[in-house]
Q: 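Got a structure for you, written out below as structure tokens; questions coming shortly.
Residue numbers start from 1 in every chain, and the chains themselves are labelled A, B, ... in the order their sequence lines are given, proteins ahead of strands.
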Number of protein chains: 2
Amino acid sequence: MTGALKPGDRLVELKIAGEMATSQAPVREALRELEAMGVVETLRNKGARVRVISDEELRQIYDVRAQLEGYASELAARNGAALKAGLEACVAKMRKAARKGDSMAFADHNMAFHRAIVEGSGNRVLLDMWETLNVKMRTMVNVARSSRNLIDLAESHLPIVEAIAAGDGALAHETAKQHVLDNKPDGGSVS
Amino acid sequence: MTGALKPGDRLVELKIAGEMATSQAPVREALRELEAMGVVETLRNKGARVRVISDEELRQIYDVRAQLEGYASELAARNGAALKAGLEACVAKMRKAARKGDSMAFADHNMAFHRAIVEGSGNRVLLDMWETLNVKMRTMVNVARSSRNLIDLAESHLPIVEAIAAGDGALAHETAKQHVLDNKPDGGSVS
DNA sequence: GAGTCAAATATTATCGATAATCGGTCAAAG
DNA sequence: CTTTGACCGATTATCGATAATATTTGACTC
């Protein structure tokens, strides 16, 4: 699935097959997989579309993500000292991207930061699930909608690093969770 | 996927196609879906197998499930009064099944209890994710391995009902989470 | 212009065929 | 006896065809 596809766009099997120089059947197989992942939705005899994520669903995704990342941070804090340098490097890269106004690079480093924590949790099921949420959202972190500037956003990651590096699981949990909720579309959750 | 399949069992496309009076292609599509859900694993040119869930993965699933159900209970507690009767009915049915020594029925009512809470959270993403975990585990609640008898297990759900019915989100969260961890294979988590 | 209907076209869903791959068996060689 | 290579059957992966379904187009009427 290459660029320039928007929620709601049609995915025509024979056309994709032609573009990929293959036949229809493998395309159907791939679409079934994407459907199971929640990226695509299909109706019988009507074909596949990029699934539309409603604002409500996006908010729900953020709420669940906050819980998962909070837990991941708590687990990661057990090995916080080993993760510290890597996390700080991500923040430094975010700062650099922020100064250059490069929001694409910023988003990449931001994602790498969060992934490092979830990977550092050591729970593979948690990581798979977190990735599933990201695939669903497609725009992994919605930077454009954030009410903060990129410099502030980069800095907002530091309390998470500190809590994890200090091995403080409970603080890491709350800090990471709140960070996600702070960046949720339409502001914070009541939860 | 009808009964009597164990982790590691081969799923032969042409055989399944014959049994279902269809052709290979729809079977391959279905297997792709099951693979995306983590139920099946395939290797290229080697076919599909029912995925083996290791003990470690099962423990990780329980840890993540504890977090999700803890959060679900917290959200459900907002509307706890409305959920109380339904939850109590599930516990009553669990008691009844426990008295009759009917562990299949027990498992069904136990699942219905937990599902009612996750549904009561009002977060559809959370529900989908929780269902995904259950599909992965396949044995939804591992009753046979629990160190408690069924009567005690039925009763162990009451503190969750009480916290939710009282609208106490934080208590519901901790109670539900601990309940899942208490029933995790090989005992509790350090987390 | 709007609405209806029929025909044409596009697309989906499945079929059966075929090429490629893999694993097991057996015979020959060392 | 062990190892190696050839062959065969089972299975996977994809192909191209076809039937079924949905959508679009064009003609006609008001």
Q: Should Glu29(B) and Arg28(A) count as an ion pair when the cut-off is N to O under 4.0 Å?
A: yes
Q: Base contacts versus sugar-phosphate-only contacts with protein, heavy atoms under 4.0 Å: please encode nucleotides 13-24 of chain C as B, S and - from 5' to 3'.
A: BBB-B---SSS-
Q: Can we say Lys184(B) and Asp63(B) salt-bridge, meaning some charged N sits less than 4.0 Å from an Asp/Glu carboxylate O?
A: yes
Q: Can you tell whether the side chains of Glu56(B) and Arg59(B) come within less than 4.0 Å, N to carboxylate O?
A: yes
Q: Mind calculating the distance between CD (Glu19(B)) and P (dT11(D)) to the nearest angstrom?
A: 12 Å
Q: Considering only NZ, NE, NH1 and NH2 on the basic side and carboxylate oxygens on the acidic side, decide whether Arg51(A) and Glu35(A) come within less than 4.0 Å.
A: no
Q: Which atom pairs, donor and acceptor, lie under 3.5 Å between side-chain atoms of residues 82-99 of chain A and protein residues at least two apart or in another chain?
A:
{"from": "Arg95(A)", "atom 1": "NE", "to": "Glu155(A)", "atom 2": "OE2", "distance (Å)": "2.5"}

